Amino acid sequence: MNARNILILTLVLAVLAGGLWYRKASRRGENTLTADSLRSFVAPDLTASVDAVELARPGNAAVRLEKRDGLWVISALGGVPASEGSIGRMLDALAALRGELRSADPAVLGDYGLQEDQAMSLTLVAGGREKARLLVGKGDFRNVFIRTAGSPEVYAAPGSILGQLGAQGPSLSPQFWIDGTLAALPRETVKEVRLKAPGVEAVLARRVPSGGDAANATLEAEWDFRLSRGKGLAKEGMEGVLAVLERVPVTEAVHPPQTGPTFPTHRLEVATDSGVTVLEGAPEGENGFLVRVAGSPHLYRMAPSVAGRLFPAPAGKAE
């Protein structure tokens, strides 16, 4: 290999090495977290005592979650039950959240979207007193900028916290926090189902095994079916109700709850080992269905496809 080729090879290697260095260096920036200078924002013992959380964004009504009688509810929706799991995961995520210092200059807070009139505010309350307030600025699913209220220090933290706060869209919605399960009645606990709906009344009852009792019935227990009014509803349609009762899903809470004078048009009485649960509802226009637990002040919307299985209609009859 002559001197000219050696020189060319050396230049190529130098360019490649420079490119690799630049690529590595370019990954280091204000949107890249490292293990250095990480700090926490919320004390772990605080999340265990929190009894209210308020989320607010400029131009958006605040969302307040409160613990009443040991259960989380959504104030803006008239105290409708909140998802205990979603709130628990959010508080755990806040306790585990760590950030890396990016700036301590108050003059550049606006560049990070962290001025008071720009940022989303997260307030944690315990015993009726504000214990912590964080401001959340610009960011995405990778990193987001955060500061503690009253401090100019800006930190970059994992953007996954936005999903835990229900803050990935342009606005905050209390519907994000609802408990999406209206009722959960495992098949093995159900003893009888009674349906009353337009044009049909039917009963599905667990058959007690000969020489046994209902408590010993298995998941494959046989069912007796009786159609007392109307026609066209088969036993299979009523048995399909059992699968929906395992978890009755709803899509959003209706507040204030408004129903027409004919509500409810549909009624489902479910007798279980622990008592009787009654679900009642009615169609809402052509593409919706309203439903609630009888006696509850909270009304929900349900997907029409789910309503069709929960309140089965006779063959050929559209609800």
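As a basis for the values below, the full set of heavy atoms in this structure was taken, side chains included, without hydrogen atoms, waters or symmetry mates. All values reported here derive from a predicted model rather than from experimental measurement.
Here the side chain of Glu280 pairs no donor or acceptor atom with the backbone of Val291 at under 3.5 angstrom. At least one donor-acceptor pair under 3.5 Å links the side chain of Ser296 to the backbone N or O of His298. Of the possible polar contacts, none joining the Asp224 side chain to the Ala205 backbone as a donor-acceptor pair under 3.5 Å is found. Of the possible donor and acceptor atoms, one in the side chain of Ser49 sits under 3.5 Å from a partner among the backbone N and O of Leu46. Here the side chain of Arg301 pairs no donor or acceptor atom with the backbone of Phe289 at under 3.5 angstrom. Within the 3.5 Å criterion, the main-chain N or O of Ala243 finds no donor-acceptor partner in the side chain of Glu246. The backbone N or O of Ala294 lies less than 3.5 Å from no partner atom in the side chain of Arg267, so there is not a single donor-acceptor pair.
For the pair Leu122 and Val53, the minimum side-chain heavy-atom distance is below 4.5 Å. Side-chain contact between Trp177 and Ile87 is present, with heavy atoms from C-beta onward closer than 4.5 Å. Taking 4.5 Å as the limit, every side-chain heavy atom of Lys231 sits out of range of all side-chain heavy atoms of Pro314. Side-chain contact between Val125 and Glu54: absent, with no pair of heavy atoms (C-beta onward) separated by less than 4.5 Å. You'll find the side chain of Val241 stays beyond 4.5 Å of the side chain of Arg309, heavy atoms only. Side chains of Thr265 and Pro283 form a contact here, defined as non-hydrogen atoms less than 4.5 Å apart. In this structure, the side chains of Leu134 and Ser121 stay at 4.5 Å or more apart for every pair of heavy atoms. Pro312 places a side-chain heavy atom less than 4.5 Å from the side chain of Leu195.
One hydrophobic cluster, built from ILVMFWY side chains closer than 4.5 Å, cannot hold both Leu310 and Val278; they sit in different ones. Val63 is connected to Phe176 through a chain of hydrophobic side-chain contacts under 4.5 Å among Ile, Leu, Val, Met, Phe, Trp and Tyr, so both are in one cluster. Leu94 and Phe141 fall into different hydrophobic clusters, where Ile, Leu, Val, Met, Phe, Trp and Tyr side chains are chained together by heavy-atom contacts under 4.5 Å. Hydrophobic clustering keeps Val73 apart from Leu65 (ILVMFWY residues linked when any side-chain heavy atoms are closer than 4.5 Å, directly or through intermediates). In the hydrophobic cluster analysis, where Ile, Leu, Val, Met, Phe, Trp and Tyr join through side-chain heavy atoms closer than 4.5 angstrom, Phe41 is grouped together with Val50.
Atom CZ of Arg57 is separated from atom CE of Met120 by 6.0 Å, given to the nearest 0.5 angstrom. Atom OG1 of Thr251 is separated from atom CE of Met302 by 8.5 Å, given to the nearest 0.5 angstrom. For the atom pair Asn143 CG and Lys138 NZ, the distance stands at 14.5 Å (nearest 0.5 Å).
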Evaluation steps, salt bridge (charged side-chain N to carboxylate O under 4.0 Å, His left out), between Lys196 and Glu201: CA-CA 5 Å; Lys196 294 182 180 180; Glu201 290 187 18; 5.2 Å; no

Run the side-chain hydrogen bond (donor to acceptor under 3.5 Å, both in side chains) check on Arg98 and Ser40 step by step: do they pass? CA-CA 5 Å; Arg98 301 290 185 274; Ser40 61; 4.6 Å; no

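Pairing each heavy atom of Val136 with each of Leu114, the nearest pair is C-CD2, 3.8 Å. For the pair Arg68 and Ser75, the tightest heavy-atom approach, listed with the atom from each and the gap, is NH2-OG, 3.8 Å. Across all non-hydrogen atoms, the minimal contact from Ile74 to Ala82 is CG1-CB, 3.7 Å. Residues Ala119 and Leu135 share a closest heavy-atom pair of CB-CB, 3.9 Å.
Figure legend: Arg147 and Tyr112 shown without cation-pi pairing, the cationic atom not lying both under 6.0 angstrom from the six-membered ring centre and within 45 degrees of its axis.
Other members of the hydrophobic cluster containing Leu290, listed by chain and number, are Val254, Phe263, Leu299; membership follows side-chain contacts under 4.5 Å among ILVMFWY residues, whether direct or relayed.
If you check the side chains of Arg133 and Thr148, you find no donor sitting under 3.5 Å from an acceptor.
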